[in-house]
S.K.: 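Sending over a structure as structure tokens; questions will come in a sec.
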Amino acid sequence: MLKMSTLLLRTLRDDPADAEVASHRLLVRAGYVRRIAAGVYSWLPLGYITYRNIERIIREEMDEAGFQEVHFPALLPREPYEKTKRWEEYGSDLFRLQDRKGNDYLLGPTHEEMFTLMVKGEYSSYKDLPLSIYQIQTKFRDETRPRSGIIRGREFVMKDSYSFDIDDEGLVKSYNQHRDAYIKTFDRLGLKYNIVSAISGAMGGSGSEEFLAPCSTGEDTYVLCEKCGYAANVEAMVTKVEPTSTALPANMEAFDSPNTPTIDSLVELLNSKFGSGHQASDTLKNVLLIADDKAISVLVPGDREVDLKRLQANLPGVQELRLFEDSDFAKFPGLVKGYVGPQDAKKLGVQLLADPRVLPGSHWITGANKRDTHARFVTNGRDFEVEKYVEAAEVRAGDLCPKCESPVVIDRAIEIGHIFQLGRKYAQALDLTVLDKNGKSQVVTMGSYGIGVSRAVAAIAEQTHDEIGLSWPREIAPADVHIVATGKEDEVFRAALTLAEDLEEKGLRILFDDRREPSAGVKFKDAELIGIPFIVIVGKALAEGKVEFRVRSTGEKTEIELLKAVTEISTKVLNS
RNA sequence: CGGGGCGUAGCGUAGUGGCUAGCGCGCCUGCUUUGGGAGCAGGAGACCGGAGGUUCGAAUCCUCUCGCCCCGACCA
């Protein structure tokens, strides 16, 4: 039993000045966490109990799924990370240090290397596979900007799992096992979430999905179809194009368009020259970029911007992507800034890519590659050849769902889990092979699966809190029932203690506010702030042989006869 | 890393060159109070982030520095 009179806890009446998001504000005010440095937090008793409840649930579900728990140090030697090139690639996000002999060490930002080496050290046959192992460990990442309290810290706890399979088919199976285990885990944690298809990006590999917990303060933006449930990362959103008319357009025709280097100025001219009704979406924007030293032109409708992140994610292999600068224009004298068109791309030595919205057969108003000149009826397939279609244009709310064609919304969320078919990158780099049936050496294929454990505390707080405080799901909460004794009579405190003990006997976890000094109001406020799901008040009503039972999340209040309190409360709570 | 803001007691803050740095919460002692963050009285707690400078005099002005928060870039 936790007793408020002795609990290391001081709730704060005012919001801390350095906390912005709700989870941070409330976790600090309710005495769950304290900041130690930017992105570094300590847990007080209530916070640590809550944290451990989440850890326990995750561990139970991982074990249930048949994954084995291992544990690696946080302090790691340089060599394995040298072999996978991550000592370099992780850049300044990596906490590095030296021992007294001057040898390089790092604080693990993630543990792919260690897991791979552990399996390599123990296993050498296909018969040993598949294998899934996990750990719950503190990770260190020297983020340039830690933020939002414990949502993005520089030290945080992650559950990371890895699967090892002999072939791709096995990998998919292991991946799906993890996916199922994650669904169970997050359901049990009481989180609302969407499973969102993601793009694995630079890490290579094919399948990748994120578990995103919707919440206005989340830092991830994603696309959601409220009708059919389709959800995707902005990078991974697939464009659904509306069908276009197939009528053959007139021949391409150049026209004078002085001083119209921007889409807006061009549309204005079009409306005065060819009659009103022209829109930015009738024009074709030619965005020139340098992709790893190669010039590319990306075509998007004039009313859309190119989303560089999205474009890069859809150009596998491209390391560096940036917009043309003046010095680049100087190298391509045929490209006239503000008047670029796709017609002469090949001649000018520019690779021509297009967003799917630029349909074959569609015609556009675009630059004529000549100062102060544009052209209309410029037709895809007739007047220019697109080399490759690629998702490039920004995604907007109202775009059509690729599955059911209803308009999508754009929402914010916290990433609470990520599952990912990693493939052979690490196994290859660290030479993890096993012998197959034929005695031939095969590189193992891996999956990697993460849950932000400490972040989950914040995510749950974000999704469950209200204006007056935290409000935990029962399994997460630091106690099942918060018993508040009010008044000054010893009798009240005795009755409350007895009730607390009896409920504990029934298997309930009790937080007992046995403080004599604070007034009833203070205790009520504290109980609401701390967020235990059920609050029992022993006080005024005791004179009539009753106690008050409150449900934190709904505010519902009922009176219960003291004599029946133990049975009634324990039944209500255990069945909740 | 670019832009913006902020460092004064455990927390929230006032104080823009002049006396002993003020207030609220919290904390300690006593009395009264006790169902919605009680009242009165007394008290403890601050080298005003740090270093240097200007000045008769600096929390306040200047320079450097450290730290923190927010937006963006980055990261997952």
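Proteins get letters first, then strands, A, B, ... in listed order; numbering begins at 1 in each.
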S.K.: Could you spell out the base pairing of RNA chain B in dot-bracket, with Watson-Crick or G-U pairs whose two distances are under 3.5 Å, [ ] crossing and | to another strand?
M.R.: ((((((((.[[[[.)..(...]]]].((((((.....)))))).....[[[[[..)....]]]]])))))))....
S.K.: So what does A:Gly487 touch, heavy atoms closer than 4.0 Å: a base, only the sugar-phosphate, or nothing?
M.R.: sugar-phosphate
S.K.: Check the phosphate of B:A38 against A:Ser519, side-chain N and O only, distance under 4.0 Å to OP1 or OP2. Yes or no?
M.R.: yes
S.K.: For B:C70, does either OP1 or OP2 sit under 4.0 Å from a side-chain N or O belonging to A:Arg145?
M.R.: yes
S.K.: Does the base of B:G37 carry an N or O that pairs as donor and acceptor with the side chain of A:Glu528 under 3.5 Å?
M.R.: no
S.K.: When the distance from CD of A:Glu209 to P of B:A76 is rounded to whole Å, what number comes out?
M.R.: 19 Å
S.K.: Side chain of A:Ala520, heavy atoms from C-beta onward: which of B:C75, B:G35, B:G37 has the nearest atom to it?
M.R.: B:G35
S.K.: Applying a 4.0 Å non-hydrogen cut-off, can you work out what A:Ser92 is touching in the nucleic acid: base, sugar-phosphate, or nothing?
M.R.: nothing
S.K.: Could you tell me whether the phosphate oxygens of B:G24, OP1 or OP2, come under 4.0 Å of any side-chain nitrogen or oxygen in A:Arg13?
M.R.: no
S.K.: Nearest heavy-atom pair of A:Ile150 and A:Trp43: which atoms, and what distance?
M.R.: CD1-CH2, 3.7 Å
S.K.: Whole angstroms only, please: what is the CG-P distance between A:Leu12 and B:C27?
M.R.: 12 Å
S.K.: So, is A:Lys488 near the phosphate of B:U34, with a side-chain N or O under 4.0 Å from OP1 or OP2?
M.R.: yes
S.K.: With a 6.0 Å cut-off on ring centres, are A:Tyr134 and A:His178 close enough?
M.R.: no
S.K.: Expected output is a numbered-order residue list: members of residues 16-36 of chain A with a heavy atom under 4.0 Å from any atom of RNA chain B. What is it?
M.R.: A:Pro16, A:Ala17, A:Asp18, A:Arg29, A:Arg35
S.K.: Taking the six-membered ring for Trp, are A:Tyr51 and A:Tyr32 ring centroids under 6.0 Å apart?
M.R.: no
S.K.: Give one of base, sugar-phosphate or nothing for A:Asp526, where a contact means two heavy atoms less than 4.0 Å apart.
M.R.: base
S.K.: In whole Å, I'd like the distance from the CG atom of A:Leu8 to the C1' atom of B:C27.
M.R.: 15 Å
S.K.: Classify the nucleic acid contact of A:Glu548 as base, sugar-phosphate or nothing, counting any heavy atom under 4.0 Å across all strands shown.
M.R.: base
